[in-house]
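Okay, so here's the structure we're looking at.
Remember, it's a predicted structure, so these values are computed and weren't measured experimentally.
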Amino acid sequence: MRRGISVAAVVGVLALTATACGGDGGGDGGDGSKAANDPGSVSGTVTWWDTSDATNEAPAFKKLVSAFEAKYPKIKVDYVNVPFDQAQQKFKTAASTGKGAPDVLRSDVGWTPGFAQLGYLKDLTGTPALDNAGDFLDGPLKNAAYQGKTYGVPQVTDTLGLLYNKDLFRKAGIEAPPADWNAVKDAARKIKDKTGAEGIGLSPDGYYSLPFLYGENSDMVNVAGKKITISDAASVKGIETAVDLVKSGAAPKPAGTDGYNALKTDFKNGKLAMMVDGPWATKEIFGGGAYKSKENLGIATIPAGSTGTAGAPVGGHNLVVYAGSKNFDASYLFTRFMTEAAQQESVSSAIGVLPTRKSAYTKEVLADPVRKSFYEALGKAHARPPLPQSGDLFTDWLQHYTKILTLKESPKEGAAATAKAWQGALLKDWSVQE
């Protein structure tokens, strides 16, 4: 038994192996020959768990589902929107028991290696699902692979940027977005004095801590060295930078519950001048009173840390196929359709997400300043570590980072407690770097 894999997970792997014998999930063999050679004859039902935001993103994907069913009238898609914060564990439970798992899942890039290691995903290498792989951006394609095999097809990608209110900057006499976190503090003070608005909002979600770590040339883990680095001196310094923004008044203390959405509401209504966020947030932001003119939204690269380094994580979602699916051919066709350039361009134009295919970055897509800004930011973004436990790391870190930003726990204490929790459960044979 590998360390870090539960008994339930191993049972799930064995169950999937048994299922694969004599049919590879039942019915169509799993090689995709029918989908490749006679797609019009493929029939059946595909259950898709969509983890996109139900209000701001899901309607665009539902339209694509209807278009797919029109193209392949013998295939019905059972669409289910699963809340993102519940989907990882829900899929694990369904896959480990062999009951209720979807044929296709919209998986966060951080979940994909872990699902693959546990045997829950179909290797899509060479199948019709992964069409024209050379057209995908390098970062998203790497985030869909594990140990030399491709287990997902990149659907959308993203990174983080510094979003700011140009009107508030202008009223405060600030001509350009701040280039480092010290400049963020100065800008926040000027904005507060001149306009009464708060400076910068910091989300208590652990994902949003990564730019502070990258700014000190650190990360949560060092995969090559099998070292936990969340609590080393550089990482703690980065976290202290975030805490200093709160203590100095540059950032309001975030709410311990639903802090991210509260900050986004203040930002879109002009009560907050800056926040760190990704392209997925822009549709909602443009619905706020402060951005009736879309030109009022500024997007800059993430401010640098004390090392002069600035960076944000490469995020996004893959479409993955459950290894126990009863209809691989239909699942492959659905996955391919949903990740084709035309569909990516359509969704990007509708809700502002970033395509993963190079050919989807048409003149029309890049004509939008939001998409262009984040596309350029992707060139400097940091790839996520190829670690099966990557998605699980944030469970412990979320609890402690929230306490840290709400000033209930020191950065050193919270980071040390997180490292200890990881070493005790997820990364048992790893060392903790001091």
What I want to check is whether the side chains of [X] and [Y] have a donor and an acceptor closer together than 3.5 Å.
| X | Y | result |
| --- | --- | --- |
| S349 | E364 | no |
| D392 | Q88 | yes |
| D123 | Y151 | no |
| T309 | N217 | yes |
| S325 | N327 | no |
| T112 | S107 | yes |
| T356 | Q155 | no |

May I ask you to check whether [Y] and [X] place their ring centres under 6.0 Å from each other?
| X | Y | value |
| --- | --- | --- |
| Y375 | Y361 | yes |
| Y208 | Y260 | yes |
| F115 | Y322 | no |

Looking at side-chain heavy atoms only, is the closest gap between [X] and [Y] below 4.5 Å?
| X | Y | answer |
| --- | --- | --- |
| I230 | Y401 | no |
| D108 | F84 | yes |
| S218 | K237 | no |
| L105 | D50 | no |
| T157 | L378 | yes |
| P386 | Y146 | no |
| L210 | D219 | yes |
| V109 | H317 | no |

Please check if the side chain of [X] supplies one atom and the backbone of [Y] the other of a donor-acceptor pair under 3.5 Å.
| X | Y | answer |
| --- | --- | --- |
| T307 | G215 | yes |
| S348 | Q344 | no |
| T418 | G414 | yes |
| N81 | S52 | yes |
| T127 | L124 | yes |
| D158 | G278 | no |
| T229 | V221 | yes |
| E216 | G305 | no |
| R384 | P313 | no |
| T339 | P154 | no |

Intermediate values then yes/no, side chain to side chain contact (heavy atoms under 4.5 Å, CB included), D138 and L141: CA-CA 5 Å; D138 289 341; L141 192 59; 5.9 Å; no
Assess whether atom [atom1] of [X] is packed by more than 12 heavy atoms of other residues, nucleotides or ligands within 6.0 Å.
| X | atom1 | answer |
| --- | --- | --- |
| K358 | NZ | yes |
| K271 | NZ | no |
| K283 | NZ | yes |

Do you know which two heavy atoms are closest between [X] and [Y], and how far apart they sit?
| X | Y | value |
| --- | --- | --- |
| T282 | F374 | CG2-CE1, 4.5 Å |
| P279 | T159 | CD-O, 3.4 Å |
| I239 | P411 | CG2-CB, 3.7 Å |
| D329 | S33 | OD1-N, 3.9 Å |
| I404 | A415 | CD1-N, 4.4 Å |
| T150 | T125 | N-OG1, 3.1 Å |

Residue pair L427, I228: steps toward the side chain to side chain contact (heavy atoms under 4.5 Å, CB included) verdict: CA-CA 8 Å; L427 305 171; I228 298 170; 3.8 Å; yes
Distance (rounded to the nearest 0.5 Å) between [X] [atom1] and [Y] [atom2]:
| X | Y | atom1 | atom2 | value |
| --- | --- | --- | --- | --- |
| S235 | L213 | OG | CG | 4.5 Å |
| S306 | F212 | OG | CZ | 12.5 Å |
| Q343 | F61 | CD | CZ | 11.0 Å |
| D131 | Y332 | CG | OH | 14.0 Å |
| L64 | F68 | CG | CZ | 11.5 Å |
| M275 | K268 | CE | NZ | 11.0 Å |

For [Y], is there an ion pair with [X] - N to carboxylate O distance below 4.0 angstrom?
| X | Y | value |
| --- | --- | --- |
| D135 | R357 | yes |
| K264 | D277 | no |
| K326 | D103 | no |

CA sep, side-chain torsions, deciding dist, call: L426, L393, side chain to side chain contact (heavy atoms under 4.5 Å, CB included): CA-CA 8 Å; L426 299 173; L393 296 180; 3.9 Å; yes
Contacts of type ring pair (Phe, Tyr, Trp, His ring centres under 6.0 Å), residue Y214, not counting sequence neighbours: H382
Derivation and outcome, ring-ring contact (aromatic ring centres under 6.0 Å, His included), residues W111 and Y120: CA-CA 11 Å; W111 305 343; Y120 297 159; over 10 Å; no
Intermediate values then yes/no, side chain to side chain contact (heavy atoms under 4.5 Å, CB included), V156 and W280: CA-CA 10 Å; V156 297; W280 59 82; over 6 Å; no
Axial cation check for F328 ring with K122, 6.0 Å and 45° limits: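 Yes, K122 and F328 form such a contact.
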cation_pi(K90, W49) dist<6.0 Å, angle<=45: yes
From CA spacing to verdict: salt bridge (charged side-chain N to carboxylate O under 4.0 Å, His left out), D244, K185: CA-CA 9 Å; D244 180 59; K185 282 180 26 177; 2.8 Å; yes
Pairs under 3.5 angstrom only: tabulate donor-acceptor contacts from the side chains of residues 41-48 to other protein residues two or more places apart or in another chain.
| unit_1 | atom_1 | unit_2 | atom_2 | d |
| --- | --- | --- | --- | --- |
| S41 | OG | D38 | O | 2.8 |
| S41 | OG | D38 | OD2 | 2.9 |

Distance-only criterion, 3.5 Å: show the donor-acceptor pairs between side-chain atoms of residues 198-207 and protein atoms not counting sequence neighbours.
| unit_1 | atom_1 | unit_2 | atom_2 | d |
| --- | --- | --- | --- | --- |
| E198 | OE2 | K192 | NZ | 3.2 |
| S203 | OG | D205 | N | 3.2 |
| D205 | OD1 | Y207 | N | 2.9 |

